[in-house]
Amino acid sequence: YLIPLSSSHYPVNQTTMHRPSLSACQLILRSFGRSGGNIVASRRFASSMNVRDALNSAMREEIERDPNVFLMGEEVAQYEGAYKVSKGLWKLMGDKRVIDTPITEMGFAGLAVGAAMAGLRPICEFMTFNFSMQAIDHVINSAAKTYYMSAGDVKVPIVFRGPNGAAAGVAAQHSQDFASWYSHCPGLKVVSPWNSEDARGLLKAAIRDNDPVVCLENEMMYGVSFEVSPECESKDFLIPIGKAKIEIPGNHISLISYGKFVGLCVEAAAELAKEGIQCEVLNLRTLRPLDEEAIVKSVMKTHHVVTVESCWPQCGMGAEIAARIMESQAFDYLDAPLTRMTGADVPMPYAQALEAAALPQVADIVRVVRRTLNRAAK
Amino acid sequence: MLSTRPYKLHKLESGPASEAQVTSDEARKYYRDMATVRRMETAAGNLYKEKAIRGFCHLYSGQEACCVGMEAVLDRNDPVITAYRAHGWTYTRGVPVKAVLSELTGRASGCAKGKGGSMHMYNHNFYGGNGIVGAQVPLGAGIAFAQKYREDKRVCVTLYGDGAANQGQVFEAFNMAKLWDLPCIFVCENNKYGMGTAVERAAASTAYYTRGDYIPGLWVDAMDVITVREATRFAKDWCLSGKGPILLEMETYRFSY
């Protein structure tokens, strides 16, 4: 099904925007219908694309564009990708540009970093970021720190990408969200796309960036389709690293999130809009460097903030956002403390009901927003 | 003509030359380079005792024949990567003594502007200086990968110690290097001690030149600079003829921590 785009893409005219009783979200819903079944065609929208195809096309175009770019990882070539993200690429580009590795993350991540130091531009895929822990010394000590340690002599233009966070029933060792671990480290850039436009623009920007970039995707988003703008389809479509995006503007409360959980915030915002609560949904897009300006500006406008992530509570992304708000002029604009909605402080359980309970859900976000705004529970 | 010290072969039909031509200019250059490294390292050792150098200071004293002998065959287009006992290689890779000592004493005039220190010195086609034991081995395989990708007719020299030789990632690098025929000369500088531990107490097999298994190997008496030079010539020819990686064990000795 199709998810409505933010109102910034939707051609709403000025008079409707200023009607007091309707939020931007309600306008979108009225036009799109419940689940996008009756799409109002607009010449601004070129087509729809799922996140998998967005990543696939981004990689294909960048490999075609620059002879130094290549993809390496487990199952990326002949199997077409464990999650089919690199479907068709090996058939098109061949053994030199799309390379299957043995199941040896520490070895192939190190090899990829060495190749980057020597001037190539590898895309190193981790089948999931859980396996990046085997190779994390190379991500941090070999890639992230080298430009600094060499006083600018040695660049490491590598992209580490793959699915991050929980999937469905893959249990404790395969469900960790590494957003806070990687965004902790100077020398790395860390991006986390939500929708197809994010995926295309951020991955292309990451590949063209001369610094090591970690691109945290989400397996559950690969099959989800979004409408994309004509600009998105351009071979040079780039989203600037370090800039968040307001998916839905609102005046009452800021919902700050990244990756898959932006979608949950969008759904929660739609539900809350029915009772007149205008949520501003801020899609971080980049986790490092964090767009502090966008966060502060949003909180100064709405005076209330909830963060949503699947990292564990201690030292998660919400903790960092809370600290940044405290340290900024936005602190004086808060009418309530920040609530960080996070994964539960347990290794991810297997049973479906437990897994659902261990992650923020739309109903949870709605409840927390109401609580923050002191509305009675419905 | 000088004789080389005997080699030991692993999965090789024949080895390097048993005799080598050395001109007096070459001999003087090798001696000067080795003596310079020794004096630089001695100076560093004294600065360390005075606490002008902080943190770690791993000296190459005793191992000079290895870097000088290898550089006699390599040129500046052949990349080199090593671990943290790197000052000797830093010098032979073209960084002046003053820039090395300035870096060690944390000066902005140091080769890494004081930001790297003993273990993180770099130059053109010299990828350090790496602090994490064994990490440089997959990195070196990656540099060799890049050369093959670009069809450069070069070898990458990837050095590691007897301690690192037991690291899993070293074997992961061997596997990919052999699978993909990477032009990589793996060099184990066996100085008999991994940090403070003697080799027999750390390794089930101390025959490091055989531990590449399917990668042919050569044991080299690395206290003799000409023996090292001829082994390197053999190894470089091997890689450049498309036979894939090769492993050299340089048996040597170090006088310090």
Side-chain angles (χ1 to χ4, degrees), chain A residues 63 66-74 77 93-122 124 134-158 186-187 212, chain B residues 79-81 95 99 103 108-152 154 156 158 167-180 182 184:
Chain A
I63 294 173
D66 183 343
N68 290 322
V69 176
F70 67 95
L71 171 65
M72 97 179 332
E74 294 158 10
M93 320 274 186
D95 285 332
K96 183 172 172 178
R97 313 299 296 282
V98 184
I99 299 160
D100 280 334
T101 62
I103 309 170
T104 56
E105 275 79 3
M106 196 170 187
F108 72 72
L111 191 146
V113 173
M117 289 178 178
L120 297 184
R121 306 186 74 93
C124 177
Q134 306 247 289
I136 200 166
D137 180 65
H138 284 298
V139 179
I140 307 302
N141 278 323
S142 303
K145 296 179 184 172
T146 292
Y147 188 70
Y148 185 92
M149 292 192 296
S150 67
D153 262 357
V154 183
K155 293 189 183 54
V156 189
I158 190 168
Chain B
V80 171
I81 188 169
V95 178
E103 182 62 30
S109 53
C111 57
K113 302 186 184 149
K115 290 188 175 176
S118 171
M119 299 183 287
H120 309 296
M121 300 185 189
Y122 305 84
N123 202 10
H124 175 64
N125 271 332
F126 178 53
Y127 293 89
N130 288 275
I132 306 296
V133 172
Q136 75 280 10
V137 181
L139 295 179
I143 296 164
F145 176 95
Q147 291 177 296
K148 183 168 180 181
Y149 186 101
R150 284 193 295 252
E151 294 169 31
D152 291 343
R154 298 285 164 207
C156 177
T158 301
Q167 277 255 325
Q169 60 184 318
V170 168
F171 297 95
E172 295 185 16
F174 288 167
N175 181 47
M176 287 181 285
K178 184 65 180 169
L179 203 53
W180 298 333
L182 302 182
C184 195

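All values reported here derive from a predicted model rather than from experimental measurement. To find a chain, count down the sequence lines: A is the first, B the second, and so on, and within it residues start at 1.
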Is [X] in contact with chain A via its backbone, its side chain, both, or neither, using a 4.5 Å heavy-atom distance?
X: B:Y127; result: side chain
X: B:I132; result: side chain
X: B:L182; result: side chain

Rounded distance (nearest 0.5 Å) linking atom OG1 of A:T101 with atom CG of B:N175: 10.0 Å

Validation row: A:L120, B:R150 side chains within 4.5 angstrom (heavy atoms): yes

Validation row: A:H138, B:Q169 side chains within 4.5 angstrom (heavy atoms): yes

Need one label for [X]: side chain, backbone, both or neither, based on atoms under 4.5 Å from any heavy atom in chain B.
X: A:V154; value: side chain
X: A:Q134; value: neither
X: A:P122; value: neither

Between B:F174, B:Y149, B:F145, B:W180, the one whose heavy-atom pairs under 4.5 Å with chain A are most numerous: B:Y149

Top contributor to chain B contacts, counting heavy-atom pairs under 4.5 Å, from A:S142, A:A151, A:S150, A:A118: A:A118

Greatest number of heavy atom pairs closer than 4.5 Å to chain B - which of A:D137, A:D153, A:N141: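 The option with the most such pairs is A:D137.
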
Would you find more than 12 non-hydrogen atoms of other residues, nucleotides or ligands less than 6.0 Å from [X] atom [atom1]?
X: B:K178; atom1: NZ; result: yes
X: A:I103; atom1: CD1; result: no
X: A:Y148; atom1: OH; result: no

